[in-house]
Structures are given as structure tokens and as C-alpha cells.
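Here is how names work: the chains are called A, B, and so on, in the same order as the sequence lines, proteins then strands, and each is numbered from 1. When reading the values below, keep in mind they use all heavy atoms of this one structure, side chains included, and skip hydrogens, waters and symmetry mates.
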There are 2 protein chains.
Amino acid sequence: MSHMGYGCLMAVDRDHVLRSAAALLTRKSTATMDEVAKAAGISRATLHRHFAGRDALVRALEALGIAECQAALAAARPDEGPAADAVRRLVAAIEPHAPLLAFLYTENQLFEGEEQNEGWAAMDERVAALFRRGQASGEFRIDLTPAWLTEALYGLLASAAWAVAEGRVAPKDFTHMIVELLLGGVRRPDAPARRKES
Amino acid sequence: MSHMGYGCLMAVDRDHVLRSAAALLTRKSTATMDEVAKAAGISRATLHRHFAGRDALVRALEALGIAECQAALAAARPDEGPAADAVRRLVAAIEPHAPLLAFLYTENQLFEGEEQNEGWAAMDERVAALFRRGQASGEFRIDLTPAWLTEALYGLLASAAWAVAEGRVAPKDFTHMIVELLLGGVRRPDAPARRKES
DNA sequence: CTTGAATGAGACATCAATGTCTCACATGGG
DNA sequence: CCCATGTGAGACATTGATGTCTCATTCAAG
């Protein structure tokens, strides 16, 4: 009787439900609780036993996304070696979680005045710190603020995730496309029409 | 009785309603028809006389966004001069409409299997053609596909619009940040840690 | 002034999603 | 075997948004 709480099996199931919900909501962000339940192979009643409601589910998804991104960030060792390489490692590490990130990125637009999970602020700060480090070391240009570069990275991750999901881009090019565009831009280094030279 | 405090002549034409709705839905994409009506200074009944329903409103908003973006595209003269300059003109021309574009960009994720407005395909093609032209002329690198560059441009526009809306970025830097990141990337051209370069 | 069109206010039914509940089943441990 | 727990299925009320309707008011044209 006494709540039994998060037993061994519960945690596994909960995680499976969460991942199924992430996969579904990534494709169809307006999916019903019923659809989420079916996608996870459970009934709506059981889904409700795991998550009090849709809001709780999204919050749990948000926590999952933050945890995965923070793990990816830690695995990318953002403080080691050239900042450019660290950015590449970071994108590569986040790649598997990009669809979930894309979902949360747009979902966050809905969190109007409501409280924002402070986990995002922590993520933002660590990513911004990476760009700041690159600027301090002279690797990165200093006329683009770290805050903007962080936002741009999220935007590119989300765009790439959608482009891949809709078949407009090959999945294998994911990391390359994002990193190359973010670091080097679209202009050829030795473009013939180069006009400014510093 | 009915104080009617609002202006005397509310001459609400369809365009004014559309722009108000765009401004509101950009900030709060889940706004109610009632909220949309209030934002436009009209009653829900009148709003319904202009647009059959929420779906029709969003479609009209989509048509407005497409029209504005196409106008911006035409004004940017994408076929004239260096492609890099054309990109800059394009971003500058779209800037005023970026919030609406950002709203539609995420809203389109919801148009699951439903029909996509072919206007977007036309936009995509013309933007991709600009990047293709830059590649053909040798200005742009060829290892990033025009389709991805088009997606990335949309993503950066949306990211920048949100960043500006949330005060994380100064509005005056909008065009500069997008264009510089897209064209030149974050890496300094003469970065000291440059490793791979022939 | 009279009339007609457009509007605002609000009532009302509808509909979809949600949250809560009960009940039957089945599975595993005592 | 018996029972407790978790589950699936489904009924049910609730909530919020929506679409439709009526009616009084306002404003401008005649």
C-alpha cells in the first residue's frame, strides 16, 4: 500500500514511456495523451499513473532533454583543446538528442510567463562560456555575442533536426552541416569576390 | 451603458486584424480567438465575420507571411551582384517580418500530413537558387547543400527573432548577426589556431 | 428623421481533450 | 490455492475553445 514509489520496474517503464513520448511528440507536437499512451504501448490510465497530466509529461520530457544535453555537454569536454573542436564534439554529442531538443525548443515558446526550468539557463551559460573561451583565445571573432551564438546553435540544431526528419537533408551530414556552417560560414575562405581583407 | 471606450471609428479592415493577430500570435502562439479579437480591438463575433475560424485565420496569416517574404525577396534582387550582398539585402528586407516568419515556421511543424502551402516551396526554391548561384560563382563553398542553407537561414531568422523578442539580443544587431554568422561563421578568418588549411 | 449595415455583447450548443473513476483480468508471490 | 498489485478498457464529468445564434446599439447614408 504505502506508495512503493519508484521501484525497479517502474523506473524502466517510466523511461520507456518517456522515450516513446519524445519520439512521438517530436513528430507531432500536438499529440493527444491517448496517442502518447498508444505509442508507448500502454493505456491512457497507466500513462496517467506515471504522469499526472500532460503538463507533467512535458515537464518530465524537459527534464530528460536537459539531462541528456548536459550529459552531452559534459562528454564533449568543452574546456579542453581548441574551442572549434569542442564545438564539433558538442554538436556530435547532441546529435542523437536533437529531435527532442527541437521539440522542447519550440515548446518553450509556449511557456509564456511561466517559470522556465533553470536547467536551460545552466546549459546556456555553459555553451556561452565555450564561445566566450573561443573568443578569448582568438579562435572566434568577437563581434558576435556569446548569447547570440548560443541561440544560433540551438536554432541550427532544431533546423537540422527538422530538415533531416523531413528528408531534406541526409542524416549522416547532420554534424558536418551544422558545425561547418556555424564555424566557417557559407562564404569560401578564398572566395574570388572577397573584398574586405583585414 | 456600453462605455465603448475604444476609439470611435474602429474601422477595422481585414489587414489591421491580420497584423494584430500576427503580433499577438508571435508572442503567444496558443492565444485564443477571444484574445486575438481583443488584441485587434474588435469582438469575437466580428473576428468570426472576417475569418471563418482559427484555421482560416492561421491560413490567412500564412498567406500574409508568404506575400511579405516574397515581396522582401523581390526587393532584395537576389539575382544581382555578388551573392553575399544579395543575402545581406534579403535578410535586411525580411527583418521586419521575422517575428511572423518565426511563428509560421514553428506552426508549420503542426501541419503534419496536411497540405503545405505551395508558396513556401516557391520561396524555398528562390532562396536555394540564390545559394546555388553563390556556389556556381565560386563565392560560396559547395560542401553545404542549398537546401540545408535555406533551412539554416530560416532557423537563424527564427532564432534571432526570438532572441530579440526576449531581450537577449539588441534589435539593431539583427541583420548583422545573422548575415555575419551565415556568411562568415564564428571562426576568425585569421585564427591563430587554424589547423587545416592548404 | 429614417433606415440599413456593421458592430459588440453575450447566450448557447458542440466538440475535443483531459482528469477521475470503477471494474475486470492476469500475473506473480505468499 | 488465494490474494495483492499493476494494468487495460471504458464510462463519466469537467474544462476550455470554438462556432453559431440573437439582439441592442451605433454610425453613416439617404
It should be established whether A/Thr46 places a side-chain nitrogen or oxygen under 4.0 Å from OP1 or OP2 of nucleotide D/dT7.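 No, A/Thr46 has no side-chain N/O under 4.0 Å of OP1/OP2 on D/dT7.
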
Q: Could you tell me whether the phosphate oxygens of D/dA9, OP1 or OP2, come under 4.0 Å of any side-chain nitrogen or oxygen in A/Ser43?
A: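 For D/dA9, neither OP1 nor OP2 has a side-chain N or O of A/Ser43 closer than 4.0 Å.
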
Please give, in whole Å, the distance from [N] [atom2] to [X] [atom1]?
X	N	atom1	atom2	answer
B/Leu47	C/dT7	CG	C1'	13 Å
A/His50	D/dG8	NE2	C1'	13 Å
A/Leu57	C/dA17	CG	C1'	14 Å
B/His48	C/dA11	NE2	C1'	15 Å
A/Arg14	D/dG6	CZ	C1'	17 Å
B/Ile42	D/dT26	CD1	C1'	17 Å

request  = For B/Arg49 and for A/Asp34, locate the closest nucleotide of DNA chain C by heavy-atom distance; then report the residue assigned to the nucleotide nearer the 5' terminus.
outcome  =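 In this pair, the answer is B/Arg49.
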
- Whether A/Phe131 and A/Phe140 hold their rings parallel, tilted or perpendicular, with breakpoints at 30° and 60°: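 The arrangement is tilted - the two ring planes meet at 30° to 60°.
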
Is there a donor-acceptor contact under 3.5 Å from the side chain of B/Gln135 to the main chain of B/Leu144?
->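 Side chain of B/Gln135 to backbone of B/Leu144, a donor-acceptor pair under 3.5 Å: yes, one is there.
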
| query | What salt bridge (Lys or Arg N to Asp or Glu O under 4.0 Å) pairs are there with at least one residue in residues 116-131 of chain A, not counting sequence neighbours? | reply |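 Only A/Glu125-A/Arg132 qualify under salt bridge (Lys or Arg N to Asp or Glu O under 4.0 Å).
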
Readout for nucleotides 12-17 of chain D: B = base within 4.0 Å of protein heavy atom, S = sugar-phosphate only, - = neither; 5' to 3' it is -----S

| message | Check this for me: does any side-chain nitrogen of one of B/Glu35 and B/Arg27 sit under 4.0 Å from a carboxylate oxygen of the other? | response |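 B/Arg27 and B/Glu35: not salt-bridged.
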
Any Lys/Arg nitrogen of B/Arg141 or A/Glu180 sitting under 4.0 Å from an Asp/Glu carboxylate oxygen of the other?
->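 Salt bridge: yes.
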
Open item on the list: If the condition is side-chain hydrogen bond (donor to acceptor under 3.5 Å, both in side chains), which residues does B/Thr145 pass it with, not counting sequence neighbours?
Closed with: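 B/Thr145 satisfies side-chain hydrogen bond (donor to acceptor under 3.5 Å, both in side chains) with no residue once adjacent residues are dropped.
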
